[in-house]
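Here's the structure we're looking at; comments come further down.
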Amino acid sequence: MSTNEIQVKRISNSRLSEIDFDNLTFGEQFSDHQFELRYSDGKWQNPEIIPYGQIPLYPAVATLHYGQAVFEGMKAFCYRDDEVNIFRIDDHYDRFRRSCERVCIPEVPKEYFVGGMKELVRTDKEWVPKAKFKSLYIRPIVFAADQTLGLRASKTYRFYIICSPVGNYYSEGINPIRLTTMPQYVRAVQGGVGDVKVPGNYAASLKPTTEAQQKGFTQVLWLDAKEHRYVEEVGSMNIFFQIGNTLVTPPINGSILPGITRMSVLELAKSHGMKVEERPVSIDELISLHQQGELREIFGAGTAAVISPVGMIQHNEHQITVSSNEMGPVARWFYDRITGIQHGDIADEKAWCTIV
Ligand SMILES: Cc1ncc(COP(=O)(O)O)c(C=O)c1O
């Protein structure tokens with residue numbers, strides 16, 4: 001697809017002046033335009049950039065009933081002085097494609113995903129926050145558009161990309177998060193859909209997360225569905241442990257979402273000669289490592305916060321506490337490294353950045 005295949009209908013009055021870039025919240029304000037693409041008669045067609053706005057839907061639209069939908073979450077950053085970088089666009093596309101495949105959504109061709117996103121970000125370039133560590137969050141979403149209550153894969157789909165300027169996750173300082181296991185709930189099972197980005201996973205996490213928050217915790221530490229022993233993820237982030245001088249993370253096993261930030265952490269660690277292990281980590285192992293003083297740091301990794309230090313984990317009557325009130329040196333190194341590459345302060349040796 002050449003970009004001149006995309007119809008661009010620009011907004012007549014930009015809403016940019018209404019945005020307080022010093023006080024951005026997460027995902028509540030949206031840029032001037034959206035990208036739209038439709039699937040019917042066996043093909044994706046009509047790529048358009050149109051003003052951000054409502055999309056009329058019938059109540060019988062299949063996605064509302066059976067959740068045949070997929071989304072992604074990624075970011076564009078101001079890069080050096082006046083450029084814009086979309087971070088790891090190819091890897092996000094690969095995960096999006098795999099997610100679509102799992103729920104029988106026809107593959108959105110890469111040229112539409114990448115071409116549409118670049119053109120949209122170019123169109124709304126002024127919406128990319130200029131300040132360091134702020135970004136334009138990009139949300140691609142595809143959903144079943146047939147009107148039917150019959151349970152079957154839809155024959156028509158809509159694909160949208162919307163953008164939201166978001167603030168520095170750590171503007172108020174870094175508060176290590178407090179986690180609890182919730183052994184009565186599971187996030188995902190092997191063979192299910194926990195390793196892809198489908199909306200139902202997030203709906204299913206709301207009740208356990210709400211209960212954890214009512215007890216004063218920030219997030220749930222998800223354990224495996226079979227033995228309720230092995231650590232999988234934290235909230236909607238992947239998890240890392242600094243054990244002695246080894247960085248450890250659970251392996252991608254079919255029920256963990258393969259995070260792009262997780263990939264970045266692992267690739268950086270390996271290329272800087274750190275000792276890395278992808279292996280199962282049980283909660284009992286963590287308790288005994290903590291007792292032996294071998295558990296140095298715990299942190300989550302995901303697009304929203306980049307790196308989020310974990311201060312404590314509650315599991316039944318056990319409490320694992322790891323850091324004081326700040327990010328540990330290992331977590332800090334990854335945070336500085338990744339954000340440095342995203343903003344162009346550190347050389348992009350691995351070709352993670354796409355300048356639009
Ligand atoms: C369940 C889950 N795990 C992990 C992640 C981290 O993935 P990424 O680094 O690609 O944002 C996310 C966020 O997308 C998530 O929703």
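Values below: all heavy atoms of this structure, side chains included; hydrogens, waters and symmetry mates excluded. Just follow the structure's listing: the first ligand is 1, and inside any ligand the first atom is 1.
- When only interatomic distances are considered, the shortest N/O to N/O separation between Arg95 and ligand 1 falls below 3.5 Å.
- Ligand-side atoms of ligand 1 in range of Asn238: 4 (C), 6 (C), range being under 4.0 angstrom from any heavy atom.
- A perpendicular orientation is assigned to the rings of His343 and Phe77, their planes being inclined by more than 60° (bins at 30° and 60°).
- Residue Gly302 approaches ligand 1 through these ligand atoms, each under 4.0 Å from one of its heavy atoms: 6 (C), 9 (O), 11 (O).
- Taking a 4.0 Å cut-off on heavy atoms, Met263 fails to register as neighbouring ligand 1.
- Ion pair Glu101/Arg97 not flagged as a salt bridge, since none of the NZ, NE, NH1 or NH2 atoms sits closer than 4.0 Å to an Asp/Glu carboxylate oxygen.
- With respect to the salt-bridge test (charged N to carboxylate O, under 4.0 angstrom), the residues Glu233 and Arg187 qualify.
- The closest approach between any non-hydrogen atom of Lys197 and ligand 1 is below 4.0 Å.
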Go through the steps to decide whether Ser264 and Arg88 satisfy the test side chain to side chain donor-acceptor pair (under 3.5 Å), and finish with yes or no. CA-CA 9 Å; Ser264 302; Arg88 302 205 71 159; 2.9 Å; yes
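- Ile89 is listed as a side-chain neighbour of Met74, based on a closest heavy-atom distance under 4.5 Å.
- The shortest N or O to N or O distance between Arg262 and ligand 1 is not below 3.5 Å.
- For a threshold of 3.5 Å applied to N or O pairs, the pair formed by Glu233 and ligand 1 contains at least one separation below that value.
- A salt bridge is defined here as a Lys NZ or Arg NE, NH1 or NH2 lying under 4.0 Å from an Asp or Glu carboxylate O, and Lys270 with Glu278 meets this definition.
- Of all atoms in ligand 1, listed by their number and element, those nearer than 4.0 Å to a heavy atom of Thr303 are 8 (P), 9 (O), 10 (O), 11 (O).
- Within the listing of ligand 1, atoms 7 (O), 8 (P), 9 (O), 10 (O) sit less than 4.0 angstrom from a heavy atom of Gly259.
- For ligand 1, the polar-atom distance check against Ile260 finds a nitrogen or oxygen pair separated by under 3.5 Å.
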